[in-house]
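When a ligand or atom number is given, it counts from 1 through the structure's own listing order.
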Amino acid sequence: MSIVMKPTATKDEIDTVIQKIRSVGLKADVSSGEYQTVIGIVGDEKKIDFDQVRSLGGVFDVIRIQVPYRLISRSYIPEDVVVVVGGIPIGKDNPPVYIAGPCSIESYEQLYRIGKEVKDAGAHILRGGAFKPRTSIHSFQGLGEEGLEHLESVGKDLGMPTVTEIRSEIDVDLVAKHTDIIQIGARNMFNQDLIEAAAKTGKPIFFKRGFSAQIDEYLSFAERIVANGNRNVMLCERGIMPLGGSFKSQTRFTLDLNAVPVLRKETPFPVFADPSHGTGRRDLVIPMSRAAIASGAHGLMVEVHDRPQEALSDGAQAVLPQDLKKIIKISDLVYKTIRDSDAPFSSDLRNG
Ligand code: PEP
Ligand code: MN
C-alpha cells in the first residue's frame, strides 16, 4: 500500500497517518517530494484497513501495489532515481558511468598504476576488492583492511570515488569508512543481515544479482536497502549460471541482458552490467559492453589489469587499459546513437 498525501496535507495529518501505520506494528517509509508526501508501508499490509486510511485527513489516495518488492517498484517511486557519487550523476538519462579497476587490490602501487590508467581511459569510479569471495580457501582472499587503506589513498590521490565489496556484517563500519560505495556481491545477494547492515550506513549500495537469482527474488532483496531508509541503490546484472555449469560452458556465466530493460521497467534505480564476471573471458568484454549499453544499462563495471597474467584473481577476464579506452569510446557512441534515435531508451519504459 502506498499512501499519497494531498499537497495541502499538514504535518499533523502526515504524522497521524504514520502513527496509524506504527500502531499496528508496521514501519512507515516517508518520501517527501517537492509537492507531495508519499508514505509506503514496510511489513504485512493486511494488518491495516485500506478504507480507514483513505478516510484520514490529508490523504489524497491509497494505492495497492501488487508486486512483492513494492518499495522499489515504479508504482511507488515513478520517477527515475539519480544516485550521485562524488558529484557524478548516475541513472535516469545521464550518460553511462564506468566503474573500472582490478578484481583484487594487490598493493598500493598496483592499484595506483591501474587506477591512473583507468582514469586516463575515461572511467569515473575506481573498483578493487579487499575482501574477496573465493570458492577455494587456497586462493588469494584479499588484503582486508590494508587493501581498504590502499583503496582510500589511491582514490584520494587520483580524485576518483571508489567501490569495494563487503563480505561480512562485522566489517560494515570499517568498509563504510574507507569507500564511497559499498558493493554487495553475487554470493551475498541473499544475505539479508549483511544487506540491512550495509544499507543502514546510508552509503550508496552497489547491489549485484546472484547468479542463481530470479529477478523477483533479486528485487525483493534489493528492497531491503530502501526499507532501511537508503535510496542510494545501484543494481547490477553480472551473469547467471550457464547451461551445463561453469566448467563445461564456453563462458563462466551468461550475461542476462534481458534483465537490464526488465529492471529499468520495474524499478527507478540505476542499472549496471558487469561484462567481466558475466562472461569470464577478456575477448568477450568489448562486445558484451557494447550490447549492455544498447540494452539500456546506465553504466558498466569492468575489471582491468595491466599485467593480467600476474593478477591474483580473475586475470582471464581482465581487459588491458587500452581495451577499456575502446570500451568507453564505443559505449559512449552506442549510448548517443540510441539516445538520439527514434527508439531512445525512455521509449522502452512506455512499450508494452
Ligand atoms: C567482484 O565484483 O569482484 C565480484 C566478485 O563480483 P560478483 O559478486 O559479481 O562475482
Ligand atoms: Mn573479479
Side-chain angles (χ1 to χ4, degrees), residues 97-106 110-111 114-115 118 123 125-136 139-144 147-148 150-151 162-168 171 175 179-191 194-195 198 204-213 215 217-218 221-222 234-242 245-246 249 251-257 259-260 263 271-282 284-285 288-289 292 297 299-319 324:
V97 168
Y98 303 101
I99 302 175
C103 179
S104 294
I105 300 163
E106 299 167 10
Q110 172 251 17
L111 190 63
I114 299 174
V118 303
I125 297 171
L126 179 64
R127 66 149 283 146
F131 292 103
K132 295 304 302 173
R134 303 306 299 270
T135 304
S136 168
S139 307
F140 177 60
Q141 312 287 305
L143 293 181
L148 295 176
H150 297 328
L151 183 68
T162 58
V163 57
T164 195
E165 177 168 356
I166 185 156
R167 215 174 45 200
S168 161
D171 298 317
V175 173
T179 190
D180 297 290
I181 305 170
I182 300 178
Q183 173 170 322
I184 295 188
R187 288 157 192 81
N188 273 309
M189 190 217 87
F190 293 99
N191 187 340
L194 180 63
I195 296 168
I205 306 292
F206 193 82
F207 190 59
K208 288 184 143 191
R209 178 183 179 189
F211 37 75
S212 307
I215 290 177
E217 289 176 295
Y218 177 39
F221 281 87
M234 287 174 259
L235 301 168
C236 181
E237 163 55 41
R238 50 78 69 212
I240 54 176
M241 266 317 209
S246 51
S249 167
T251 54
R252 188 176 173 197
F253 291 100
T254 299
L255 190 64
D256 175 17
L257 289 183
V260 174
L263 292 171
V271 178
F272 281 73
D274 172 348
S276 304
H277 294 92
T279 62
R281 283 175 47 169
R282 178 177 312 121
L284 300 186
V285 176
M288 294 316 285
S289 294
L300 302 175
M301 173 174 266
V302 180
E303 287 191 344
V304 180
H305 207 293
D306 56 351
R307 300 169 196 163
Q309 64 290 348
E310 292 170 23
L312 295 184
S313 60
D314 285 352
Q317 68 197 31
V319 296
L324 181 71

**Q** Below 4.0 Å from any atom of ligand 1, is there a heavy atom belonging to Gln183?
**A**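 It does; at least one heavy atom falls under 4.0 Å.
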**Q** Would you mind running through ligand 1 and noting each atom that sits below 4.0 Å from a heavy atom of Gly185?
**A**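 Counting from 1, the qualifying ligand atoms are 8 (O).
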**Q** Does Asp274, backbone or side chain, put an N or O under 3.5 Å from an N or O of ligand 1?
**A**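 In this structure, Asp274 places no N or O atom under 3.5 Å from an N or O of ligand 1.
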**Q** Determine the interplanar angle of the Phe272 and Phe206 rings, folded into 0 to 90°, and report it as parallel if under 30°, tilted if 30 to 60°, perpendicular if over 60°.
**A**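 Perpendicular.
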**Q** Can you list the ligand 1 atoms lying under 4.0 Å from a non-hydrogen atom of Glu303?
**A**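 Within the 4.0 Å cut-off of Glu303, ligand 1 contributes 3 (O).
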**Q** Which protein heavy atom lies closest to atom 4 (C) of ligand 1, and at what distance to 0.1 Å?
**A**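 Ranking protein heavy atoms by distance from atom 4 (C) of ligand 1, first comes His277 NE2, 3.4 Å.
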**Q** Report yes or no: does Glu237 contribute a side-chain atom to a donor-acceptor pair with the main-chain N or O of Lys208 at less than 3.5 Å?
**A**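 Judged by distance alone, no pair lies under 3.5 Å.
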**Q** Note the single closest protein heavy atom to atom 5 (C) of ligand 1, along with its residue, its atom name and the distance in Å.
**A**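 The closest one turns out to be Glu165 OE1, 3.6 Å.
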**Q** For the Mn ion (ligand 2), what is the closest N, O or S atom on Asp314?
**A**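 This residue's closest N, O or S atom turns out to be OD2.
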**Q** Side chain of Arg238, backbone of Ser276: donor and acceptor closer than 3.5 Å?
**A**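 No, because the side chain of Arg238 does not come within donor-acceptor range (under 3.5 Å) of the backbone of Ser276.
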**Q** Restricting to non-hydrogen atoms, name the atom on Leu111 and the atom on Leu151 that form the minimum distance, rounded to 0.1 Å.
**A**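 Result for this residue pair: CD2-CA, 3.6 Å.
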**Q** Considering only non-hydrogen protein atoms, determine which one is nearest to atom 6 (O) of ligand 1 and report residue, atom name and distance to 0.1 Å.
**A**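 Here the closest protein heavy atom is Lys208 NZ, 2.8 Å.
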**Q** If you check every N/O/S atom of His277, which is the one nearest the Mn ion (ligand 2)?
**A**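 This residue's closest N, O or S atom turns out to be NE2.
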**Q** Any idea which protein heavy atom is nearest atom 8 (O) of ligand 1, and the distance to it?
**A**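 Result for atom 8 (O) of ligand 1: Ala186 N, 2.7 Å.
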**Q** Report the atom name of the nearest N/O/S atom of Glu303 relative to the Mn ion (ligand 2).
**A**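 This turns out to be OE2.
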**Q** Please check this pair: side chain of Thr179 against backbone of Val175, looking for a donor-acceptor N/O pair closer than 3.5 Å.
**A**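 Here the side-chain-to-backbone pair does not exist.
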**Q** Could you identify the single nearest non-hydrogen protein atom to atom 10 (O) of ligand 1 and state the distance to 0.1 Å?
**A**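 Going atom by atom, the protein heavy atom closest to atom 10 (O) of ligand 1 ends up being Arg238 NH2, 2.7 Å.
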**Q** Is it true that a side-chain atom of Ser249 and a backbone atom of Thr251 form a donor plus acceptor pair closer than 3.5 Å?
**A**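 Here the side-chain-to-backbone pair exists.
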**Q** Using modelled atom types and a 3.5 Å cut-off, is there a donor and acceptor pairing between side-chain atoms of Ser104 and backbone atoms of Gly142?
**A**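 No; zero donor-acceptor contacts below 3.5 Å.
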**Q** Salt-bridge test for Asp274 and Arg127: reply yes if a basic N is under 4.0 Å from a carboxylate O, no otherwise.
**A**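 Answer for the salt bridge query: no.
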